[in-house]
*Asks:* 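One structure coming up, written as structure tokens, with questions to follow.
Side chains are part of it too, since the values below use all heavy atoms of this structure and drop only hydrogens, waters and symmetry mates. Labels below follow one simple rule: chain letters A, B, ... track the order of the sequence lines, proteins then strands, and each chain is numbered from 1. Just so we're clear, the structure is a prediction, and the values are computed from it rather than from any experiment.
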There are 2 protein chains.
Amino acid sequence: MRFQVDPTSSIPLYAQLVEQVKHAIAAGTLAPGDTLPSLRELAVRLRISPLTVKKAYGELEALGIVATEHGRGTTVRAGSDAFSARYRREALAQAVDRLLVEAHHLGATTDELIALLYERKTVLEEEAADHV
Amino acid sequence: MRFQVDPTSSIPLYAQLVEQVKHAIAAGTLAPGDTLPSLRELAVRLRISPLTVKKAYGELEALGIVATEHGRGTTVRAGSDAFSARYRREALAQAVDRLLVEAHHLGATTDELIALLYERKTVLEEEAADHV
DNA sequence: TACATTGTTATACAGATATATAACAGCAGT
DNA sequence: ACTGCTGTTATATATCTGTATAACAATGTA
């Protein structure tokens with residue numbers, strides 16, 4: 001897993017982590033049984049405190065998405081398949097809604113949005129290719 | 001102007017206000033010369049502290065978008081036309097990018113995204129009609 | 001001048017977020 | 001048992017956000 005957080009964002013670091021794990025599961029990158037990075041390992045990689053990682057994992061555990069065992073680590077729970085399908089739908093719908101609302105506020109038409117979507121998709125793909 | 005904030009969001013209230021004023025200007029809802037609601041009035045309407053509104057207005061002033069005069073209020077600056085055009089483009093592109101990245105994380109294709117976009121647009125419009 | 005409106009500032013306080021430091025405890029392989 | 005990994009917990013500190021309260025200052029109008 002390639003986690004990354006943005007310390008300048010107004011969204012709390014632990015919340016960013018939670019979202020990324022959810023997305024990874026929804027996308028199938030993380031499957032039931034997979035073990036998440038240890039608190040210290042991920043903390044070092046992201047240059048944040050282990051306590052912040054702990055808070056994110058704790059949140060995920062409270063949601064029933066992962067299970068943590070003392071001394072063994074944190075693993076994706078079996079039941080996350082059902083979660084996965086539902087979450088994927090809801091997350092996508094919410095993301096689309098956010099864009100539609102913002103576009104509406106900015107006075108953009110749907111056609112303009114679709115055109116921009118294809119345009120930005122191309123741009124992002126080219127940028128991604130450059131970074132390889 | 002119909003401002004509204006979400007106290008449960010992890011995005012600070014003052015930042016939400018800043019975004020909404022920017023969007024309103026970009027959409028033309030707020031034009032140069034227009035006066036924003038007074039600190040106290042908006043605070044009462046949104047049920048937040050006047051100091052929070054003040055912080056938002058202060059941010060907008062630092063960005064050169066509005067001008068505040070003691071005793072007179074806070075007004076949208078003339079130069080905001082140029083800002084408006086540039087900001088609108090950038091804000092839309094960023095919003096689209098956010099969706100594309102999230103969709104990619106969730107393993108959604110562009111076709112799926114476009115279809116969902118039309119679907120959600122219809123849903124949102126129906127909901128909006130209901131609320132009238 | 002008096003008044004109501006506007007923005008400004010100071011103080012104190014609370015909660016969430018994030019950190020550093022450090023010690024403690026469970027699990028697995030040597 | 002020892003060692004190295006894992007998660008857990010406690011303490012203290014700092015920053016940001018947001019609030020309540022209250023006084024002060026500038027503008028425009030009656």
*Asks:* Would you please confirm or rule out a distance under 4.0 Å between OP1 or OP2 of C:dA18 and any side-chain N or O of A:Lys55?
*Replies:* no
*Asks:* Whether the A:Thr109 and A:Asp111 side chains hold a donor-acceptor pair (N or O, under 3.5 Å, no angle test) is what I'd like checked.
*Replies:* no
*Asks:* Can a donor-acceptor pair be found, under 3.5 Å and without considering hydrogens, that links the side chain of A:Glu61 to the backbone of A:Thr68?
*Replies:* yes
*Asks:* If only atom types and distance count, is the side chain of A:Gln4 paired as donor or acceptor with the main-chain N or O of A:Leu46 below 3.5 Å?
*Replies:* no
*Asks:* Assess whether side-chain contact (heavy atoms from CB on, under 4.5 Å) is satisfied between A:Leu124 and B:Asp97, documenting all intermediate values.
*Replies:* CA-CA 8 Å; A:Leu124 288 184; B:Asp97 285 0; 4.0 Å; yes
*Asks:* Applying side-chain contact (heavy atoms from CB on, under 4.5 Å) to A:His105 and A:Glu102, what does each step give before you reach the verdict?
*Replies:* CA-CA 5 Å; A:His105 283 160; A:Glu102 191 150 1; 5.6 Å; no
*Asks:* With a cut-off of less than 4.0 Å, is there a side-chain N or O of A:Thr52 near OP1 or OP2 of C:dT17?
*Replies:* no
*Asks:* Measuring to OP1 and OP2 of C:dA18, would you say a side-chain N or O of A:Tyr14 lies under 4.0 angstrom away?
*Replies:* no
*Asks:* Using a strict 4.0 Å threshold on nitrogen-to-oxygen distance, state whether B:Arg120 and B:Glu127 make a salt bridge.
*Replies:* no
*Asks:* How many whole angstroms separate atom CG of B:Leu39 from atom P of C:dT9?
*Replies:* 12 Å
*Asks:* Strictly under 3.5 Å: I want the nitrogen or oxygen pairs between protein and nucleotides 27-30 of chain D, one per line.
*Replies:*
residue : atom : partner : partner atom : Å
D:dG28  : OP1  : B:Arg72 : NE           : 3.3

*Asks:* Mind checking if B:Leu51 touches a base, just sugar-phosphate, or nothing, with heavy atoms under 4.0 Å?
*Replies:* base
*Asks:* Charged N to carboxylate O below 4.0 Å: is that the case for B:Glu59 and B:Lys55?
*Replies:* no
*Asks:* What is the distance, to the nearest angstrom, from the CG atom on A:Leu46 to the P atom on C:dT19?
*Replies:* 10 Å
*Asks:* Rounded to whole angstroms, how far apart are CG on B:Leu42 and P on C:dT6?
*Replies:* 12 Å
*Asks:* Of the listed nucleotides (D:dT19, D:dG7, C:dG7), which one gets closest to any side-chain atom of B:Ser49?
*Replies:* D:dT19
*Asks:* When you match A:Ser10 and A:Arg40 each to their closest nucleotide on DNA chain D, which lands nearer the 5' end?
*Replies:* A:Arg40
*Asks:* To the nearest Å, give me how far apart NZ (A:Lys54) and P (C:dT19) are.
*Replies:* 16 Å
*Asks:* Nearest whole angstrom, please: distance from the P of D:dT17 to the CD of B:Gln16.
*Replies:* 12 Å
*Asks:* Need one value for B:Tyr57: base, sugar-phosphate or nothing, where a base atom within 4.0 Å counts as base even if backbone is also close, heavy atoms only.
*Replies:* nothing
*Asks:* Taking the nucleotide of DNA chain D with the closest heavy atom to each, which residue, B:Leu13 or A:Ser38, is nearer the 5' end?
*Replies:* A:Ser38
